[in-house]
Novice: 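Could you have a look at this structure, given as structure tokens, before my questions?
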Amino acid sequence: MAKKQFKAESKRLLDMMINSIYSQREIFLRELISNASDAIDKIYYKALTDDTLSFDKDNYYIKVAADKENRTLKISDTGIGMTKEELEHNLGTIAKSGSLAFKNENELKDGHDIIGQFGVGFYSAFMVADVVTVTSKALGSDDAYKWESTGADGYTIVPYEKDSVGTEIILKIKENTEDENYDEYLEEYRLKAIIKKYSDFIRYPIKMDVTGKRPKEGSENEFEDYREEQIINSMVPIWRKNKNELSPEDYEKFYSEKHYGFDKPIKHIHISVDGAVRYNAILFIPEKIPFDYYTKEYEKGLELYSNGVLIMNKCPDLLPDYFSFVKGMVDSEDLSLNISREMLQHDRQLKLIAKNINKKIKSELQSLLKNEREKYEEFYKSFGRQLKYGVYSDFGSHKDVLQDLLMFYSSKEKKLVTLDEYVSRMPEDQKYIYYASGESYERIEKLPQAELVLEKGYEILYFTDDIDEFAIRMLMTYKDKEFKSVSSGDLGIEAEENQHDTNSEENENKELFDYMKNLLSDKVKDVRASKRLKTHPVCLAADGEVTIEMEKILKSMPNNQHIQADKVLEININHEVFQSLKNAFEQDKEKLNLYTNLLYNQALLIEGLAINDPVEFTNDICKIMV
Ligand code: ADP
Ligand code: MG
């Protein structure tokens, strides 16, 4: 009998399958099972509209059977079957395989990846089989047919005897080669594992005869093998169940079964949407940071199922970066199994789902913040940095989404507070939202720069994360209130008695400050009388956009651009030290040089900046001791 040739594009796909790499071969079973499930679906839908048909769920199943001796694996179903024409048309061409166009372009680059990630259909059988035989009897037809192919050289179709409606696919599993083991596709435990992994939530039972051991009758320590038909898949996925039937433990169990994390999730979100796009999703907000979370290795994404069949382990397009900590899965009936990565990115349905999910995560976080503050703070300790990073990234375009989720440590409350809480208790005369940056709360608490603001009774937000100041720069304002560093030039605090003093004495001291500025000319932009210092003698402030904290962070980055803050040395003219400076200015310039350097270095130390020459600094201290 003459062999018929495959269509050209099918040939190319066949080539790819045959040459695919080992690790992706296992998905052939997923593909064949989902075809079987589709075929049962078709009978089911037919029965809905055809009175002469009834659908008794018990009669519909998929069966997987391995025969080691003959090296065959059989996948049979009680689905709608195929006529001769359908066998020819459906298996002889790749009719609508959307992924093919993409595959051609990327065959060399990335081809094997696609096989693993997306539906590749019936042809994947050739990844593990030399010969594929399909026998089928279509619903409403009296004849059955046998389709057979050894791959690239075409296929045959002949009449066949088959009693029941449905399809049987027999794979003649390849012989092992030196570096490829095909035997595993005949092993019960391996087949079971593959079914569990990819097809656990297929709605029809996937049956398999498995071997068990049991004690021999009449004997306690002798065992015998016995065969038993088991249903391998769990069929109804948790996300299709009614929320009311599920307990928090059910979700926790799912979280750990899925290996989303070793911790207990802080919150689960179960979504069922039956609108323009239909989908179910279960999302989790983890409690602990995955060990690789803040590294390049961490991959965000949700599991993506198409109608119960896993098509992608981590679909990144479902989550924005700022919510990359969210774990979970999405299942939609409206996504095609045969979808390439590129198509997925442009898929309208997927975009809609992503948008919905994003909104939902935000509102759940907000309600957590409102109703379960402690839990939210726990969450924030782990992932707050990611939210702040989200405010900063993409030129601040997500700040409206995220600003109400931010928290900072408050000088007043001695705990994390939201920006809304800060602003709502601001006294009327307070112009700005004040913040101070430093390594730790303890260090910030002691910053001389904060003295005036604190004395005014204003609240200060403590910034200890690298990203804090950058994120706040992106925000610029919250509820129309500008952010202001306590080290910035103008604090917007109304003049008080000592301010008057400073102004009048400014001219008087101009010569002294000019002298000091000259001495430190390569280090500071200016030397000034301080308006903010109360008890401390000296501090550094920054003029302009770049603050001292920002300079530190930028400096620590690889290939930094040597961006520097315009530093100003501020002197407290009400401090005794200032008198010594004045005296030295009049009597002993040598001493003034010494004092100036000492004060400058002290200011650096307070800021947590490195002293240029520590040896000189300690020598200078010794000089004033003797
Ligand atoms: P897809 O499933 O995306 O359509 P496949 O290559 O997996 O692509 O299958 C091609 C076609 O072959 C299916 O659309 C279906 O019409 C037919 N087919 C495959 N397996 C079966 C089966 N077990 N029962 C009935 N029809 C099948
Ligand atoms: Mg298919």
Side-chain angles (χ1 to χ4, degrees), residues 6-7 9-14 16-18 20 27-46 60-65 73-103 114-129 132-141 143-149 151 155 157 160 162 164-171 198-199 202-207 305-311 333-340 343-344:
F6 286 107
K7 295 264 165 73
E9 70 225 309
S10 310
K11 258 191 169 148
R12 296 189 68 161
L13 188 49
L14 267 171
M16 265 188 77
M17 291 301 149
I18 291 160
S20 76
I27 61 124
F28 79 93
L29 194 55
R30 172 189 79 177
E31 295 296 322
L32 298 182
I33 287 174
S34 79
N35 282 351
S37 165
D38 289 348
I40 301 176
D41 271 347
K42 283 176 193 160
I43 282 205
Y44 174 68
Y45 288 122
K46 224 178 175 121
Y60 296 93
Y61 61 87
I62 298 158
K63 178 140 189 186
V64 176
L73 181 66
K74 195 159 75 182
I75 296 106
S76 40
D77 65 65
T78 57
I80 198 157
M82 282 177 274
T83 61
K84 186 178 178 205
E85 289 69 36
E86 283 168 341
L87 279 169
E88 176 123 11
H89 182 258
N90 296 341
L91 306 184
T93 54
I94 297 169
K96 49 193 181 303
S97 174
S99 40
L100 187 65
F102 179 61
K103 275 183 200 113
I114 304 159
I115 296 176
Q117 299 264 4
F118 301 102
V120 282
F122 172 77
Y123 291 95
S124 58
F126 288 101
M127 293 197 286
V128 298
V132 178
T133 309
V134 181
T135 62
S136 195
K137 185 172 184 178
L139 181 71
S141 163
D143 311 314
Y145 290 90
K146 181 168 98 172
W147 179 102
E148 194 164 77
S149 170
Y155 60 91
I157 298 182
Y160 189 72
K162 190 175 185 306
S164 54
V165 170
T167 303
E168 205 170 88
I169 297 180
I170 300 168
L171 310 180
Y198 296 104
S199 313
I202 289 283
R203 285 195 298 272
Y204 308 104
I206 302 169
K207 298 178 178 177
Y305 288 79
S306 156
N307 214 1
V309 180
L310 178 69
I311 56 172
E333 296 167 43
D334 299 332
L335 291 171
S336 153
L337 193 60
N338 267 327
I339 193 166
S340 74
M343 287 166 68
L344 212 46

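As the structure lists them, so they are numbered: ligands from 1, and atoms in each ligand from 1.
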Novice: Can you give me the closest heavy-atom contact between Ile206 and Ser199, atom names plus distance?
Specialist: CD1-O, 3.7 Å
Novice: Flag Asn35 as yes if one of its N/O/S atoms falls below 2.8 Å of the Mg ion (ligand 2), otherwise no.
Specialist: yes
Novice: Give a yes/no verdict on whether any heavy atom in Leu91 is under 4.0 Å from an atom of ligand 1.
Specialist: yes
Novice: Under 3.5 Å, N or O to N or O, is Asp77 touching ligand 1 that way?
Specialist: yes
Novice: May I ask you to identify, for Asn90, whether its side chain, its backbone, both or neither come under 4.0 Å of ligand 1 on a heavy-atom basis?
Specialist: both
Novice: Answer yes or no: are there more than 12 heavy-atom neighbours, outside Lys74 itself, under 6.0 Å from its atom NZ?
Specialist: no
Novice: Check this for me - ligand 1, Glu31, N or O atoms closer than 3.5 angstrom, yes or no?
Specialist: no
Novice: Specify whether Tyr155 and Trp147 have parallel, tilted or perpendicular ring planes, treating 30° as the upper limit for parallel and 60° as the lower limit for perpendicular.
Specialist: parallel
Novice: Give me the atom names and distance for the closest heavy-atom approach of Ile62 to Ser37.
Specialist: CD1-N, 3.9 Å
Novice: Give the atom numbers and elements of ligand 1 that come within less than 4.0 Å of a heavy atom of Ala39.
Specialist: 24 (N), 25 (C)
Novice: Met82: heavy atom below 4.0 Å from ligand 1, yes or no?
Specialist: yes
Novice: For Phe122 and ligand 1, does the shortest N/O to N/O distance drop below 3.5 Å?
Specialist: yes
Novice: Quick one: closest heavy-atom pair of Lys137 and Ala144, and the distance?
Specialist: CB-CB, 4.0 Å
Novice: Between Thr133 (side chain only) and Ile169 (backbone N and O only), is there a donor and an acceptor less than 3.5 Å apart?
Specialist: no
